[in-house]
**Q** 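Before I ask anything, here is the structure I am working with.
Per chain, numbering begins at 1; letters A, B, ... match sequence-line order.
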Amino acid sequence: ETGVTQTPRHLVMGMTNKKSLKCEQHLGHNAMYWYKQSAKKPLELMFVYNFKEQTENNSVPSRFSPECPNSSHLFLHLHTLQPEDSALYLCASSQDRGGYEQYFGPGTRLTVT
Amino acid sequence: GESVGLHLPTLSVQEGDNSIINCAYSNSASDYFIWYKQESGKGPQFIIDIRSNMDKRQGQRVTVLLNKTVKHLSLQIAATQPGDSAVYFCAENFWSGGGADGLTFGKGTHLIIQP
């Protein structure tokens, strides 16, 4: 778990706020991912980056904006969120795209009020 | 709809017994499968994976079985211990030939170990 770190671990924000989630991987991986984990749904893939290039966007609303400045860092910028966006946001990385074990961070518990 | 799902939301077993957690998938093209364990307050932790050219793979106290005929995946945990209490997820990936990069997860099974 220490291979992938996420900050903050907990975040409470209002619907008009702008905040960012940060993920960093220390594993030398090339691919990074954002997942959303809600209480009553399976983990949902949001975005995939490979060598800093976005390769998948799973129909995520534009109020979620990812950024990948390099292969080790991944951000998720949040603005004008809705209460239903409250969830655990998990970052993961893998050696390369598809077909490889993904290592997850501890997640950021987001509450939108 | 989901392409991966779990048969039972909760499984309760006695400490020391073997546990079997099942998973059904619907995408016959999936070629990589993986089991994760998630403890409260933590991110998913890798347990074991298997590729579609295999039907069985063993790790330390764990075995994954893949039956492609009926699109079924199972995780067997031998001699379960209190530390095995967690939610277990199966996930699939179709990568060969330019498929998806990310994993598709099932809902999860909560494994409870009775003393």
Side-chain angles (χ1 to χ4, degrees), chain A residues 1-7 9-10 21 23 25 27 29-51 53-60 66 68 74 87-109, chain B residues 1-7 9 23-27 29-54 57 59 62 64 66 73 86-110:
Chain A
E1 191 173 297
T2 55
V4 181
T5 58
Q6 290 185 243
T7 55
R9 293 294 306 275
H10 301 272
L21 310 185
C23 175
Q25 58 97 359
L27 302 168
H29 289 166
N30 298 318
M32 297 188 75
Y33 311 79
W34 279 117
Y35 288 87
K36 176 183 178 182
Q37 186 174 31
S38 303
K40 298 181 178 179
K41 293 184 179 181
L43 273 80
E44 300 171 83
L45 177 67
M46 300 175 72
F47 302 104
V48 182
Y49 278 81
N50 189 56
F51 289 101
E53 298 297 321
Q54 187 178 127
T55 60
E56 276 188 54
N57 175 342
N58 260 18
S59 303
V60 180
C68 188
L74 186 64
L88 182 68
Y89 288 85
L90 291 159
C91 174
S93 70
S94 65
Q95 179 180 332
D96 279 300
R97 300 166 65 188
Y100 290 92
E101 172 191 347
Q102 293 181 16
Y103 293 79
F104 283 82
T108 295
R109 174 66 64 185
Chain B
E2 302 171 24
S3 64
V4 178
L6 292 168
H7 292 304
C23 179
Y25 65 95
S26 59
N27 186 356
S30 290
D31 52 13
Y32 178 66
F33 303 87
I34 190 166
W35 281 99
Y36 282 95
K37 170 187 179 182
Q38 187 174 22
E39 297 172 279
S40 180
K42 298 184 179 180
Q45 178 186 359
F46 170 82
I47 301 174
I48 193 168
D49 59 2
I50 188 169
R51 299 193 183 275
S52 58
N53 61 351
M54 303 173 67
R57 191 163 187 229
V62 295
V64 56
L66 176 62
L73 189 70
V87 177
Y88 290 80
F89 296 94
C90 65
E92 65 171 334
N93 178 234
F94 165 50
W95 167 241
S96 301
D101 293 344
L103 295 170
T104 300
F105 280 82
K107 290 180 182 176
T109 291
H110 187 193

**Q** If we define contacts as heavy-atom pairs under 4.5 Å, which of A/M46, A/R109, A/K41, A/Q37 has the most with chain B?
**A**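 Sorted descending by pairs with chain B, the first entry is A/Q37.
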
**Q** Check the side chains of A/Y49 and A/Q54 for a donor-acceptor pair under 3.5 angstrom, ignoring hydrogens and angles.
**A**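 Yes.
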
**Q** Let me know if A/L90 has heavy atoms under 4.5 Å from chain B in its side chain, its backbone, both or neither.
**A**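 For A/L90, side-chain heavy atoms alone lie under 4.5 Å from chain B.
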
**Q** Run the side-chain hydrogen bond (donor to acceptor under 3.5 Å, both in side chains) check on B/Y25 and B/T104 step by step: do they pass?
**A** CA-CA 10 Å; B/Y25 65 95; B/T104 300; over 6 Å; no

**Q** Given a strict heavy-atom distance threshold of 4.5 Å, which part of B/L103 is in contact with chain A: side chain, backbone, both, or neither?
**A**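 Backbone plus side chain of B/L103, per the 4.5 Å heavy-atom cut-off to chain A.
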
**Q** Would you check if there is a donor-acceptor pair between the side chains of A/Q102 and A/Y35 at a distance under 3.5 Å?
**A**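 There is such a pair (donor and acceptor under 3.5 Å, judged by atom type) between the side chains of A/Y35 and A/Q102.
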
**Q** Measure distances from B/F33 to the heavy atoms of chain A and classify the residue's part below 4.5 Å as side chain, backbone, both or neither.
**A**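 Interface part for B/F33: neither.
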
**Q** Taking everything shown except A/Y103 itself, do over 12 heavy atoms lie less than 6.0 Å from its OH?
**A**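 No, OH of A/Y103 has 12 or fewer neighbouring heavy atoms, counting only those of other groups under 6.0 Å.
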
